[in-house]
Number of protein chains: 2
Amino acid sequence: MNPDSQNTPRYHQQHQKAINAAASVFAEKGYHGASTQDIASHMGIRQGSLYYYFTSKEAALEEVCLTALRDYVDQMEQISTQTQPLKEKLTAAIGAHLASYRANNEALKVHNEQRLYLSEEKREKLKALGSRYRQQLEDIFIEGVHSGVLNKTLDCHFATLSLIGLCNYWGTMLTRDPKLALNKITEKCIDFVLNGCLEQTN
Amino acid sequence: MNPDSQNTPRYHQQHQKAINAAASVFAEKGYHGASTQDIASHMGIRQGSLYYYFTSKEAALEEVCLTALRDYVDQMEQISTQTQPLKEKLTAAIGAHLASYRANNEALKVHNEQRLYLSEEKREKLKALGSRYRQQLEDIFIEGVHSGVLNKTLDCHFATLSLIGLCNYWGTMLTRDPKLALNKITEKCIDFVLNGCLEQTN
DNA sequence: CACTAATTCTATAGGGTTATAGAATTTATA
DNA sequence: TATAAATTCTATAACCCTATAGAATTAGTG
């Protein structure tokens with residue numbers, strides 16, 4: 001394969017199709033449960049032809065995870081740099097997180113559930129992107145504490161991770177049950193994170 | 001195999017060992033990523049001999065999930081039927097949940113992450129147990145609302161699922177990072193769930 | 001249209017997998 | 001200790017899987 005044979009429009013288009021097919025198949029069957037045959041069938045080519053677009057099955061998983069994270073981090077970056085009140089920012093962040101699950105973002109599911117099956121080396125690449133995302137979310141919390149909206153004693157790191165855990169949980173639910181209403185879940189998540197469950201005693 | 005050859009003490013002991021080995025291997029490599037060879041090696045027998053204890057690899061996964069849930073539901077049952085104030089009950093429930101992760105309860109992790117690879121038929125069996133657990137946790141929330149400790153407008157079902165999502169997230173973290181302190185995480189989870197992040201305005 | 005480059009295909013090497021049959025061995029019991 | 005029952009082993013059938021080589025086809029260009 002010529003080194004720059006990958007610069008044709010068709011290559012880009014098919015490559016993207018391959019990543020989507022891999023995301024879809026990995027999301028449904030898991031990395032080890034899916035075969036390269038499954039991915040090829042899903043995009044209507046033969047098993048062997050897939051290797052024109054991926055150097056290996058593991059490389060396919062890596063690409064799926066990377067694209068998922070990239071889209072995701074970009075979105076978060078936009079939100080976290082906008083100047084708006086905390087609640088709105090948090091709403092935007094949670095909404096974006098959940099919406100991308102509902103938008104059948106299979107790649108995101110694959111990243112969350114399957115990335116551990118990557119070699120340690122490949123996982124390192126993902127970590128950089130992942131922690132950037134986490135940091136931006138954490139910055140929202142920190143800002144909220146400084147502005148006095150959030151509890152002074154809040155452990156922002158813990159809150160950030162908890163919110164991610166919560167969103168991943170409900171994100172999975174949203175992909176699993178199409179009857180769940182995205183905006184209702186989003187609202188409830190925000191209320192849960194901000195107010196907790198206790199009766200306010202004021 | 002004689003139908004009641006499974007009533008010897010040795011059979012029970014080895015069967016248990018097999019379930020533990022399967023849990024451990026499935027937890028590390030995932031259901032499809034693990035081979036029956038891996039499980040057999042882990043308990044020091046040959047691959048073929050494993051089939052004296054499991055009728056199939058899938059049956060092994062089912063047994064792992066079932067035992068995990070059974071232990072778990074029993075624990076929750078005890079907690080939810082004790083008469084003590086809400087906060088204590090919730091603390092006990094969260095503590096038990098997280099502690100069983102930290103106690104290297106690999107079976108629980110397998111149940112959460114791998115049960116979708118079971119046939120639908122087998123998953124049905126798990127659902128019954130699972131919803132019993134969820135119901136008991138939800139009862140704690142409902143009781144809290146009635147007694148006036150929790151917010152009157154709280155969606156108890158949503159809160160229950162969110163708590164489960166939160167605990168599963170931190171549970172996974174606890175198994176992944178041995179440096180995390182169980183009691184601190186437990187405390188923080190309770191605080192997060194009860195008070196949320198907002199500054200109280202009283 | 002002729003020629004080249006890009007894309008896809010077929011075929012296969014070299015593995016690894018589950019599950020089973022029947023032999024060998026260990027354990028329990030009379 | 002002999003005998004039966006339970007447990008484990010070896011060997012293997014019958015798959016499925018990844019990755020590659022080289023041929024065939026399709027698309028792009030002068």
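Protein chains get the first letters and strands the later ones, always in sequence-line order, with residue 1 at the start of each.
- When distances are taken from the side chain of Ser49(B) to each of dT18(D), dT18(C), dC9(D), the shortest belongs to dC9(D).
- The side chain of Ser35(A) has dT18(D) as its nearest neighbour among dT18(D), dA19(D), dT18(C).
- When the C1' atom of dT8(C) is taken as reference, atom CZ of Arg10(A) falls 9 Å away, rounded to whole Å.
- Nearest-nucleotide assignment on DNA chain D puts the 5′-proximal partner with His12(B), out of His12(B) and Lys57(A).
- Out of dT17(C), dC9(C), dT18(D), the shortest distance to the side chain of Gln47(A) is found at dT18(D).
- Distance Asn7(B) CG to dT29(C) P: 13 Å, rounded to the nearest Å.
- Ring-centre distance between Tyr169(A) and Tyr169(B): not below the 6.0 Å cut-off.
- Within the 4.0 Å cut-off from OP1 or OP2 of dT7(C), at least one side-chain nitrogen or oxygen of Thr8(A) is found.
- A cation-pi geometry, defined here as NZ or CZ lying under 6.0 Å from the six-membered ring centre and within 45° of its normal, holds between Lys57(B) and Tyr31(B).
- Nucleic acid contact for Tyr53(A): sugar-phosphate only, since backbone atoms but no base atoms lie under 4.0 Å from a heavy atom of the residue.
- In this structure, His32(A) atom NE2 and dT17(C) atom C1' are separated by 14 Å, rounded to whole Å.
- Closest to the side chain of Tyr11(A), out of dT8(D), dT7(C), dA19(D), is dT7(C).
- In this structure, Trp170(A) and Phe158(B) have parallel ring planes: the angle between them is below the 30° cut-off, well short of the 60° mark.
- A straight line from CG of Asp38(B) to C1' of dG16(C) spans 11 Å, rounded to a whole angstrom.
- Separating the CD atom of Glu58(B) from the C1' atom of dT17(C) is a distance of 16 Å, rounded to the nearest angstrom.
- Regarding Ile39(B), its CD1 atom lies at a distance of 13 Å from the C1' atom of dA19(C), rounded to whole Å.
- Closest to the Tyr52(B) side chain, of the nucleotides dA6(C), dT7(D), dT20(D), is dT7(D).
- The side chain of Tyr51(A) lies closest to dT18(D) when the candidates are dA6(C), dA19(C), dT18(D).
- Going from atom CZ of Arg46(A) over to atom P of dA23(D) covers 19 Å, rounded to whole Å.
- A salt bridge (Lys or Arg N to Asp or Glu O under 4.0 Å) with Lys125(B) is found for exactly one of Glu120(B), Glu63(B), Glu62(B), namely Glu62(B).
- In this entry the distance linking CD of Gln37(A) with C1' of dT18(D) reads 11 Å, nearest Å.
- Ring geometry for His15(B) versus Tyr53(B): interplanar angle under 30°, hence parallel rather than tilted (30 to 60°).
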